Amino acid sequence: MTSEPEPGSQEAAPTDIDALMRAVADGDRDAFADLYDAVASRVYGLVRRVLRDSGLAEEVAQEALVEVWRTAARFDPSRGSAAGWIFTIAHRRAVDRVRAEQATVDRERRAATANVPCDDLIEEVTARLEQQAVRRCLRTLTQLQRESILLAYYGGLTYREVADRLGTPLPTVKTRMRDGLIRLRDCLRVSWG
Amino acid sequence: MSDIHTLAGAYALNAIDDMDRARFDRHLADCPACVAEVAELTETVAALAEATAETPPVGLRSAVLDRIDRTPQLRPETRRTSGRRPLPRRRWLAAAAAVVALGGAGAVGYVIADQSRPDAGTRADAEARRIAAVVGAPDARMRTTATDGGRVSVVESPSLDEAVAVLTDLPAPGTGHAYQLWVIRDRTPQSVGVLATGRTDATELVSGVRGAQAFGVSREPSGGSTTPTLPLVAQLPLG
């Protein structure tokens, strides 16, 4: 990780992204170019974080962004923001790729990647959080809540893998992911509201 | 009930395998409160994408814009206006097929599952869930072709290694004849199912499509043939 994060000021506000998304759903290619500029750095960065490979990340980010174009009319604004929808598509694509690759690599290699220390991942990501609110709110979680969420999201792990990695029982990890996200949601809601 | 509900966090984080996802999707169909919770948690998770933003490679923008010029958009799904009552499971197959049919050519067409098999209840349910999973997969791709007044569509999900074939309003195959479905791999057609004699509509799950080049429909004597009779009634590329 040598690149700097995009300055927050270059990101379009959520409402702009929603408006762009509506135009994209109507087949507006210029609006899609603007939408690209608004979200590409977050889409690419997220995919690269999960895949840990720039070449692969470029390919998967491209697929995800084309998917956004292709399925734009299926986006339902009553179910959340356009940005949230776009990052979900990108994350899902990256995670699917990780799992497809994992299915083909041998056990030794799997064991080797399993040894990447999770503390490093968590510290690095937390340090890069531009948005003060998110960083502050993450600090309100318990360590287990935070670790479960960050390992799953940035590491592309399933909750079973997170449980293995943390040496924590499965039901506990499942529960911590949920109550951790609920606490994060409530904290962010207060900050943004 | 409460056990499955705790999956909401893992679900929002994409931290579940396909089996759990399918299980939870079923749960969501019966639990409007969970839909709302998942929407909020997904939104919360999206805030985490800020942390990893980084300038994409220079070529990405032009590559994406170039590709969207060649990529048609899907039509919107039809919305149910009469409240948000979940569908009974039996009807998922029809609903999934309707999504395919509507997305395919914009025409209205419902394809009803064949429930005449002896154990159709449980088998159709399991199949319906898998069909819904393919149609709803984020990497689902659909191709459609018109044929003699009818239509053949295939929705394919590479990640699930499955496809859903929807045949709508094909011409009657004629007395003692049936439509047969094929997957073509390395120029070799492999039968993936034969419809009942005379049947002109179907929704079929096709497993193991990875590496296949095409999907085909042929008209055969009842019960099917070992190799397709040419010319094919319809053919669509896969992959």
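Each chain gets a letter, A, B and so on, in the order its sequence line appears, and its residues count up from 1. Computed from a prediction, not measured in an experiment: that's the story for all the values here.
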Asks: Please examine the side chains of A:V24 and B:Q73, heavy atoms only from C-beta on, and report whether any two atoms are closer than 4.5 Å.
Replies: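 With C-beta onward as the side chain, the pair touches.
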Asks: Measure B:S159 against the heavy atoms of chain A and call it side chain, backbone, both or neither at under 4.5 Å.
Replies: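 The answer is the side chain of B:S159.
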Asks: Can you tell which part of A:A64 gets under 4.5 Å to a heavy atom of chain B, answering side chain, backbone, both or neither?
Replies: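 Neither the backbone nor the side chain of A:A64 comes within 4.5 Å of chain B.
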Asks: Considering only heavy atoms from C-beta outward, does the side chain of A:W69 approach that of B:V64 to under 4.5 Å?
Replies: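 A:W69 does not reach B:V64 side chain to side chain.
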Asks: Is there side-chain contact between B:V45 and A:H91, with heavy atoms separated by less than 4.5 Å?
Replies: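 Result no, sub-4.5 Å side-chain heavy-atom pair not found.
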Asks: Between B:E37 and A:R178, does any NZ, NE, NH1 or NH2 come within less than 4.0 Å of an OD or OE carboxylate oxygen?
Replies: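 A salt bridge links A:R178 with B:E37.
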Asks: Given a strict heavy-atom distance threshold of 4.5 Å, which part of B:A12 is in contact with chain A: side chain, backbone, both, or neither?
Replies: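 Only the side chain of B:A12 comes within 4.5 Å of chain A.
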Asks: Please check: side-chain N/O of A:Y36 versus main-chain N/O of B:R61, any donor-acceptor pairing under 3.5 Å?
Replies: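 Checking the backbone N and O of B:R61 against the side chain of A:Y36, a donor-acceptor pair under 3.5 Å is found.
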Asks: Is there a side-chain contact between B:D69 and A:R29 in this structure, where contact means two heavy atoms from C-beta onward sitting under 4.5 Å apart?
Replies: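 A side-chain contact under 4.5 Å exists here.
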Asks: Roughly how far, to the nearest 0.5 Å, is the CG atom of A:L157 from the CG atom of B:N14?
Replies: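 Going from CG on B:N14 over to CG on A:L157, the span is 12.0 Å.
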Asks: Find the distance between CD (B:E40) and CG (A:L181) and round it off to the nearest 0.5 Å.
Replies: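 Reported value, rounded in 0.5 Å steps: 11.5 Å.
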Asks: Below 4.5 Å, heavy atoms only, C-beta onward: do B:R67 and A:L65 meet side chain to side chain?
Replies: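 No, every pair of side-chain atoms sits at 4.5 Å or beyond.
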Asks: What part of B:I16 gets within 4.5 angstrom of chain A, counting heavy atoms only: side chain, backbone, both, or neither?
Replies: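 For B:I16, heavy atoms of backbone and side chain both lie under 4.5 Å from chain A.
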Asks: Say you draw a straight line from OG1 of A:T71 to CZ of B:R75; how long is it, rounded to the nearest 0.5 Å?
Replies: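 The distance works out to 15.0 Å.
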Asks: Side chain of A:Q62, backbone of B:L60: donor and acceptor closer than 3.5 Å?
Replies: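 Side chain of A:Q62 to backbone of B:L60: no pair is present.
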Asks: Which atoms form the tightest heavy-atom contact between B:A10 and A:Y159, and what is the distance?
Replies: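 B:A10 and A:Y159 have their closest heavy atoms at CB-CD2, 3.8 Å.
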Asks: Where on B:R210 is there a heavy atom nearer than 4.5 Å to chain A: the side chain, the backbone, both, or neither?
Replies: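 Nothing of B:R210, per the 4.5 Å heavy-atom cut-off to chain A.
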Asks: I'd like to know if A:R99 and B:D18 make a salt bridge, using a cut-off of under 4.0 Å between side-chain N and carboxylate O.
Replies: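 Answer for the salt bridge query: no.
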Asks: Which of the residues B:T71, B:D17, B:V38 is involved in the greatest number of heavy-atom pairs with chain A at under 4.5 angstrom?
Replies: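 So the answer, after comparing B:T71, B:D17, B:V38, is B:T71.
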Asks: Looking at every heavy atom in both B:P56 and A:S41, which two are closest together, and how far apart are they?
Replies: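 Nearest pair, atom of B:P56 first, then A:S41: CD-CA, 4.1 Å.
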Asks: Name the member of A:S148, A:A33, A:A152 that forms the most heavy-atom pairs with chain B at distances under 4.5 Å.
Replies: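 Of the options given, most contacts go to A:A33.
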Asks: CZ of A:R74 to CG of B:L74: how many Å apart, nearest 0.5 Å?
Replies: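 One finds 4.5 Å between CZ of A:R74 and CG of B:L74.
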Asks: Can B:D139 and A:R92 be said to form a salt bridge (Lys or Arg N to Asp or Glu O under 4.0 Å), step by step?
Replies: CA-CA 9 Å; B:D139 65 346; A:R92 179 87 184 268; over 6 Å; no
Asks: Please report the interatomic distance OG1(A:T88) to CG(B:L13), rounded to the nearest 0.5 Å.
Replies: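 It comes to 10.0 Å.
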Asks: Hey, what do you get for OG1 (B:T6) to CG (A:D179), rounding to the nearest 0.5 Å?
Replies: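 One finds 10.0 Å between OG1 of B:T6 and CG of A:D179.
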Asks: Side chain, backbone, both or neither: which part of A:I86 has an atom under 4.5 Å from a heavy atom of chain B?
Replies: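 No part of A:I86 comes within 4.5 Å of chain B.
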Asks: Under a 4.5 Å heavy-atom cut-off, does chain B meet the side chain of A:R93, its backbone, both or neither?
Replies: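 Looking at A:R93, just its side chain touches chain B.
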Asks: I'd like to know if the side chain of A:Y154 reaches the main chain of B:L48, judged simply by a donor and an acceptor atom lying under 3.5 Å from each other, with no hydrogens or angles considered.
Replies: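 Yes.
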Asks: Without swapping roles, check the side chain of A:E58 against the backbone of B:G59 for a donor-acceptor pair under 3.5 Å.
Replies: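 It does not hold such a pair.
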